[in-house]
Every structure is written in C-alpha cells, then in structure tokens.
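Computed from heavy atoms alone, side chains included, the values below leave out hydrogens, waters and symmetry copies. Note on naming: letters A, B, ... go to the chains in the order of the sequence lines (proteins, then strands), and numbering restarts at 1 for each one.
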Amino acid sequence: DTGVSQNPRHKITKRGQNVTFRCDPISEHNRLYWYRQTLGQGPEFLTYFQNEAQLEKSRLLSDRFSAERPKGSFSTLEIQRTEQGDSAMYLCASSPLRDRHLQGGYTFGSGTRLTVV
Amino acid sequence: RKEVEQDPGPFNVPEGATVAFNCTYSNSASQSFFWYRQDCRKEPKLLMSVYSSGNEDGRFTAQLNRASQYISLLIRDSKLSDSATYLCVCNFGNEKLTFGTGTRLTIIP
C-alpha cells in the first residue's frame with residue numbers, strides 16, 4: 001500500500017487521558033499536514049511539516065496538542081488531557097515538495113476518529 | 001467571513017439531472033483550486049483541479065472566475081454514486097490548502 005496510512009482508525013478515550021495518533025505519509029512526499037474535521041465542517045488546518053521541520057501551526061493547536069516528525073518520515077500527533085471538544089476526525093495528508101503550489105492537491109489518509117467520553 | 005464559502009445544502013437531486021455548486025473565496029492571491037469529494041465517514045479525495053480556462057472530466061465541469069473570485073462545479077447526468085459531500089478547496093499562495101465547509105449532495109432514484 002503506497003498511500004497515506006493512519007492509525008488507529010478509531011480511538012475512544014476518557015476525558016483527561018492522553019492520546020497519540022500516527023501518520024505514515026507517501027514515502028517520497030516531503031510535506032505532511034494534520035487537519036481536524038468535525039461534523040458538518042470541512043477539514044481545518046492544524047500543522048504542517050516539511051521533512052522534519054514543523055513550519056506552521058494553527059491557532060487551533062492549543063498547548064495540549066503536540067506534533068512531531070522526528071526523522072522526516074512518519075509523524076505523531078499527541079493530545080494531552082483530552083476534552084470532549086477534541087472529538088473529531090484527525091486527518092493526515094502529504095504532498096511532494098516539488099509541487100510548489102500544491103497543484104496536485106493532497107493525498108489524505110483514512111483518518112483517526114477520536115471520541116472523548 | 002470564512003476564506004472559502006460554500007452553500008452547505010443539502011441538495012436533493014433526481015437521478016439524471018444536472019446540478020451545479022458554487023464557491024466563493026476571499027483571497028485574491030489564490031494560486032490553485034480544487035474540488036474534493038468526501039463520502040460519509042471517509043477521507044476527502046481529489047475530484048479535480050480547477051483551471052482558469054475551465055476544465056472537464058467526463059460528466060464533471062469545473063470553472064474558475066478570478067475576477068469575481070468564485071469557482072463552480074457542474075455535474076451532468078447525475079448518478080446515485082455521485083451522492084457525497086463536495087468540498088471547495090483553495091491554495092492561497094502558502095504551503096497549505098484551505099477547505100470550505102462542503103456541499104452535501106444526495107441523488108434520488
């Protein structure tokens with residue numbers, strides 16, 4: 001499978017617990033993105049990596065959220081002290097650096113659906 | 001005001017009909033434009049890019065009007081399998097894509 005892979009597919013957690021999601025982008029894609037999508041909304045940008053460097057973070061990414069891409073390959077998104085408002089689909093996407101203006105769009109993974117109870 | 005605005009619908013359209021969606025964007029520096037399709041509880045998938053001269057892919061036609069800052073998607077001879085949410089997407093000359101809220105389409109047999 002050469003697509004973007006995310007796991008777990010689903011996560012149910014109790015409020016206050018920490019959760020971590022993983023994303024494996026398409027291997028030759030230098031750029032990796034995290035988005036969040038809630039019901040009835042489009043995906044909202046959270047953060048973006050170019051190789052291992054985190055180049056942009058949205059204001060949506062509170063202090064409880066941290067993302068890493070230590071070797072420029074897979075990435076993790078951790079949410080600490082989860083709240084019910086964190087319940088959403090967390091989507092990872094990747095694109096190649098050579099596509100400077102993103103004319104090819106993104107390839108998304110299947111997402112991780114988080115439910116905080 | 002949102003950077004990318006779409007009518008959320010729902011649009012309920014009989015099979016075989018033609019349906020059109022519009023989308024407006026606020027940033028004149030936009031570089032590239034897309035329509036993505038998203039099925040229920042699935043990830044968004046690229047349907048087509050939108051070019052200044054307009055472009056067609058089978059039953060789907062996309063158009064861009066830079067002067068008025070809107071993008072359209074036309075679906076002809078709609079099929080039941082076209083039922084989905086259609087997301088209008090822009091790149092504002094930065095390193096990421098900005099998504100509209102999506103327009104929900106249901107094709108009725």
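Proximity to chain A is absent for every atom of B:Phe33, based on heavy atoms less than 4.5 angstrom apart. Looking at A:Glu56, only its side chain comes within 4.5 Å of chain B, counting heavy atoms on both sides. When heavy atoms are compared at a cutoff of 4.5 Å, B:Gln6 does not approach chain A at all. Using a 4.5 Å cut-off between heavy atoms, A:Gln6 makes no contact with chain B at all. For B:Pro8, no part lies near chain A; criterion is any non-hydrogen pair under 4.5 Å.
Taken together through direct or relayed side-chain contacts under 4.5 Å among Ile, Leu, Val, Met, Phe, Trp and Tyr, B:Leu74 and B:Phe11 form parts of separate hydrophobic clusters. Residues A:Tyr33 and A:Phe74 do not share a hydrophobic cluster, clusters being chains of Ile/Leu/Val/Met/Phe/Trp/Tyr side chains in contact below 4.5 Å. B:Val4 and A:Phe45 fall into different hydrophobic clusters, defined by Ile, Leu, Val, Met, Phe, Trp and Tyr side-chain heavy atoms under 4.5 Å apart, directly or through other members. Two different hydrophobic clusters hold B:Leu47 and A:Tyr35 under the rule that ILVMFWY side chains link at heavy-atom gaps under 4.5 Å. With hydrophobic clusters built from ILVMFWY side chains whose heavy atoms lie under 4.5 angstrom apart, B:Phe60 shares a cluster with B:Val19.
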| query | Should B:Phe34 and A:Tyr106 be marked as a side chain to side chain contact (heavy atoms under 4.5 Å, CB included) after you check the CA-CA gap, both sets of side-chain angles, and the distance that decides it? | reply | CA-CA 10 Å; B:Phe34 309 90; A:Tyr106 293 159; over 6 Å; no
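The CD atom of A:Gln41 sits 4.5 Å away from the NZ atom of B:Lys2 when rounded to the nearest 0.5 Å. Note that CZ of A:Arg31 is 12.5 Å distant from NZ of B:Lys96, once rounded to the nearest 0.5 Å.
Heavy atoms only, all atoms of each residue included: B:Arg41 and A:Met89 are closest at O-CE, 4.1 Å. A pairwise comparison of heavy atoms in B:Leu87 and A:Gly42 identifies CD2-CA, 4.1 Å as the closest pair.
In this structure, A:Phe108 has its ring center under 6.0 Å from that of B:Phe99.
Between chain B and the residues A:Gly40, A:Gly111, A:Gly105, the largest count of heavy-atom pairs under 4.5 Å involves A:Gly105. For the set A:Gln50, A:Glu44, A:Gln37, the entry with the most heavy-atom pairs within less than 4.5 Å of chain B is A:Gln37.
The environment of CG in A:Leu39 is sparse: at most 12 heavy-atom neighbours from other residues, nucleotides or ligands sit within 6.0 Å. Other residues, nucleotides and ligands place more than 12 heavy atoms under 6.0 Å from the CD atom of B:Gln38. Crowding of B:Ile108 atom CD1: a count of heavy atoms from other residues, nucleotides or ligands under 6.0 Å exceeding 12. Heavy-atom contacts from other residues, nucleotides or ligands closer than 6.0 Å to CZ of A:Arg15 number 12 or fewer.
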